[in-house]
**Student:** 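I'd like to ask some things about the structure below.
The first residue of the sequence shown is numbered 1, and numbering continues consecutively from there.
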Amino acid sequence: MKDLAGFPPESEVNQKAYCRKAPPELLIYEMAENGTNCDQRRGAMSKEQHNGSFTDPSSVNEKKRRDREERQNIVLWRQPLITLQYFSLETLVVLKEWTSKLWHRQSMVVSFFLLLAALVATYYVEGAHQQYVQRIEKQFLLYAYWIGLGILSSVGLGTGLHTFLLYLGPHIASVTLAAYECNSVNFPEPPYPDQIICPDEEGTEGAISLWSIISKVRIEACMWGIGTAIGELPPYFMARAARLSGAEPDDEEYQEFEEMLEHAETAQDFASRAKLAVQKLVQKVGFFGILACASIPNPLFDLAGITCGHFLVPFWTFFGATLIGKAIIKMHIQKIFVIVTFSKHIVEQMVAFIGAVPGIGPSLQKPFQEYLEAQRQKLHHRSEAGTAQGENWLSWTFEKLVVAMVCYFILSIINSMAQSYAKRIQQRLNSEEKTK
């Protein structure tokens, strides 16, 4: 690299500093004189030349902010027609992209269909192997059900479906109540887990321990934890691809992450400091930092995935720590909490506490007592139609809560995909403006 009088220094370190600080016009002149191909200079020039003039970075950031606000207004309760139209178009675009990817992987698709045909033939052909097929089918459906719920809980497509509160937590609570009522965890299969019925033989009073209940729900809880770990992979792969390609990231969370790194020293609010703490823990401690973040309920864990992808942490380091933390450590913590909370003596104390509330206590206590009595009758297969009005009231409330949360989850997916299509339109318009 030739020196220009008074500008570039001699050492390579100072050259890099010069590339960062020199005006863009000077870099153009110097690159023309010296034939230099400097990544830092190209980065400086990309700030950005448009019709012979360089765009102010603050105006670029302001435009991005306006585009983001415009996309956030595309929701069903504000612009229903546009939202549904964009959702439909984004669905077609995604289907087209997936079809193109599958077309370029024809050998893999053919292998999959051959394997599927072999499995279908094995499933329907009569023979001695059918007993093993039925056993495998039952286990596969059980695992797929809980893994799928775990993925829905963490991947979200805009917001996660809280499947622990809606499905896994109530399941563990039901098993806990049944175990103490039946004095056994040997529930017949089937109908368990669809319906829990006490075994015919009477269990011994006090035979139930915390460990026996943990063992009974271990498979469901671990499969759910594996699903949550799988659901954390998209942020990791997105950030890793953006870093390796060097392209401008096509994700708002990743953009916020890079802005956070740029303004790390000036962060003042609690949320920014918490995000920085997670980022530094993962970056400096590595495997054990990821494990620590994954082992506790952590709403900022998406940031850990983005951090690992951005700093090119190996896949198995990230996924291994996430899997151990979520499927083993965190799940046992959550299981123990639910089991202890719904233990027989704790539940009885909670119902008694509700009854002690002045004024409204007895009226609130009665539905819970009737609900628990109805559950005991069901466990012994003695429930009758019209029994326990409290059961109907509490069951109706919980069912409507589940329906409301599932509907909100579906609406969030529609809004997210509509906003994704709006982002495609904005990017196309921006690229057309740059080429004019």
**Student:** Heavy atoms, side chains only, cut-off 4.5 Å: are Arg428 and Ile425 in contact?
**Tutor:**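 Of all side-chain heavy-atom pairs linking Ile425 with Arg428, at least one is under 4.5 Å.
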**Student:** Is a side-chain donor or acceptor of Ser153 paired with a backbone partner of Leu149 at a separation under 3.5 angstrom?
**Tutor:**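 Checking the backbone N and O of Leu149 against the side chain of Ser153, no donor-acceptor pair under 3.5 Å is found.
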**Student:** Please determine whether side-chain contact (heavy atoms from CB on, under 4.5 Å) holds for the pair Tyr124 and Val133, giving the CA-CA distance in whole Å, both sets of side-chain angles, and the decisive distance to 0.1 Å.
**Tutor:** CA-CA 10 Å; Tyr124 285 104; Val133 170; over 6 Å; no
**Student:** For Arg218, which residues count as a side chain to side chain contact (heavy atoms under 4.5 Å, CB included) partner, sequence neighbours excluded?
**Tutor:**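 With sequence neighbours excluded, Arg218 shows a side chain to side chain contact (heavy atoms under 4.5 Å, CB included) to Trp211, Ile214, Ser215, Cys222, His332, Lys335, given in chain and number order.
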**Student:** If I compare all heavy atoms of Glu232 with all of Ser154, which pair ends up nearest, and what's the gap?
**Tutor:**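 Shortest heavy-atom separation between Glu232 and Ser154 comes out as OE2-CB, 3.6 Å.
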**Student:** Can you confirm whether Phe342 is buried at CZ, in the sense that more than 12 heavy atoms of other residues, nucleotides or ligands lie under 6.0 Å from that atom?
**Tutor:**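 No, the 6.0 Å shell around CZ holds no more than 12 heavy atoms from other groups.
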**Student:** About how many Å separate CD1 of Ile410 and CE of Met405, when rounded to the nearest 0.5 Å?
**Tutor:**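 Answer for the CE-CD1 pair, Met405 versus Ile410, is 12.5 Å.
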**Student:** Which distance, rounded to the nearest 0.5 Å, do you find between the OG1 of Thr341 and the CD1 of Ile336?
**Tutor:**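 With rounding to 0.5 Å, OG1 (Thr341) is 11.5 Å from CD1 (Ile336).
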**Student:** If you count the non-hydrogen atoms of other residues, nucleotides and ligands that lie under 6.0 Å from CH2 in Trp103, is the total more than 12?
**Tutor:**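 Not more than 12 within 6.0 Å, no.
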**Student:** State whether the side chain of Thr228 and the backbone N or O of Gly150 hold a donor-acceptor pair below 3.5 Å, judged by distance alone.
**Tutor:**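 Between the backbone of Gly150 and the side chain of Thr228 there is no qualifying donor-acceptor contact (under 3.5 Å).
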**Student:** Give me the atom names and distance for the closest heavy-atom approach of Val93 to Arg424.
**Tutor:**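 Taking every non-hydrogen atom into account, CG1-CZ, 3.5 Å.
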**Student:** Rounded to the nearest 0.5 Å, how far does CD1 of Ile226 lie from CD1 of Ile328?
**Tutor:**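 Here the rounded value is 8.5 Å.
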**Student:** Grab the two heavy atoms, one from Leu95 and one from Thr99, that are nearest each other, plus how far apart they are.
**Tutor:**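 That closest heavy-atom pairing would be O-OG1, 2.7 Å.
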**Student:** In this structure, which one of Phe164, Tyr167, Tyr145 forms a ring pair (Phe, Tyr, Trp, His ring centres under 6.0 Å) with Trp224?
**Tutor:**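 Of the listed residues Phe164, Tyr167, Tyr145, the ring pair (Phe, Tyr, Trp, His ring centres under 6.0 Å) partner of Trp224 is Phe164.
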**Student:** Counting the benzene-type ring for Trp, do His171 and Trp146 have ring centres under 6.0 Å apart?
**Tutor:**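 His171 vs Trp146: aromatic centres under 6.0 Å.
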**Student:** Under the 3.5 angstrom rule, does the side chain of Gln79 hit a backbone N or O of Asn73 as a donor-acceptor pair?
**Tutor:**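 Looks like yes, one N/O pair under 3.5 Å.
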**Student:** With a 3.5 Å distance limit and no angle check, can you tell me whether Ser212 reaches the backbone of Ile208 through a side-chain donor-acceptor pair?
**Tutor:**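 Side chain of Ser212 to backbone of Ile208: no pair is present.
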**Student:** Which pair of non-hydrogen atoms, one from Ser420 and one from Glu90, has the smallest distance, and what is that distance?
**Tutor:**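 Heavy-atom minimum between the residues: OG-OE2, 3.1 Å.
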**Student:** Could you go through residues 311-322 and list every donor-acceptor pair under 3.5 Å that involves a side-chain atom there, pairing it with any protein atom two or more places apart or in another chain?
**Tutor:**
{"residue": "Thr322", "atom": "OG1", "partner": "Phe318", "partner atom": "O", "Å": "2.7"}

**Student:** Once you round to the nearest 0.5 Å, how far does CG of Leu76 lie from CG of Leu81?
**Tutor:**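 Taking CG in Leu76 and CG in Leu81, the distance rounds to 10.0 Å.
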**Student:** Please enumerate all residues that pass side-chain hydrogen bond (donor to acceptor under 3.5 Å, both in side chains) together with Tyr123, with sequence neighbours excluded.
**Tutor:**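 By the side-chain hydrogen bond (donor to acceptor under 3.5 Å, both in side chains) rule, Tyr123 matches Glu137.
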**Student:** CD1/Ile413 to CG/Leu152 distance, rounded to the nearest 0.5 angstrom?
**Tutor:**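 Spacing of CD1 (Ile413) from CG (Leu152) equals 7.5 Å.
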**Student:** Do Ile219 and Tyr143 have side chains that approach each other closer than 4.5 Å (heavy atoms only, starting at C-beta)?
**Tutor:**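 Ile219 reaches Tyr143 side chain to side chain.
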**Student:** Any side-chain heavy-atom pair from Tyr421 and Ile74 closer than 4.5 angstrom?
**Tutor:**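 No, side chains not in contact.
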**Student:** Donor-acceptor check, side chain of Thr122 to backbone of Ala118, threshold 3.5 angstrom: yes or no?
**Tutor:**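 A pair under 3.5 Å: yes.
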**Student:** Apply the test side-chain contact (heavy atoms from CB on, under 4.5 Å) to residues Leu142 and Lys138: give CA-CA distance (whole Å), side-chain angles for both, the deciding distance (0.1 Å), then the verdict.
**Tutor:** CA-CA 6 Å; Leu142 176 66; Lys138 181 180 180 181; 5.8 Å; no
**Student:** Looking only at heavy atoms, which two atoms of Gly325 and Leu291 are closest? And how far apart?
**Tutor:**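 Smallest heavy-atom distance, with atoms named: N-CD1, 3.6 Å.
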**Student:** Could you tell me whether the side chain of Lys423 reaches within less than 4.5 Å of the side chain of Asp67, counting heavy atoms only?
**Tutor:**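 Answer no - side chains too far apart.
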**Student:** For a 4.5 angstrom cut-off between non-hydrogen side-chain atoms, does Ser100 reach Lys96?
**Tutor:**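 Ser100 vs Lys96: side chains apart.
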**Student:** Nearest 0.5 Å please: distance from the CG atom of Asn186 over to the SG atom of Cys198.
**Tutor:**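 Reported to 0.5 Å precision, the distance equals 11.0 Å.
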**Student:** For a quick test of reading the model, state the closest non-hydrogen atom pair linking Ser295 to Ile333 and the distance between them.
**Tutor:**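 Looking at all heavy atoms of both residues, the shortest contact is O-CD1, 3.8 Å.
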**Student:** Please tell me if the side chains of Leu168 and Thr163 come closer than 4.5 Å, counting only heavy atoms from C-beta onward.
**Tutor:**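 No, their side chains stay 4.5 Å or more apart.
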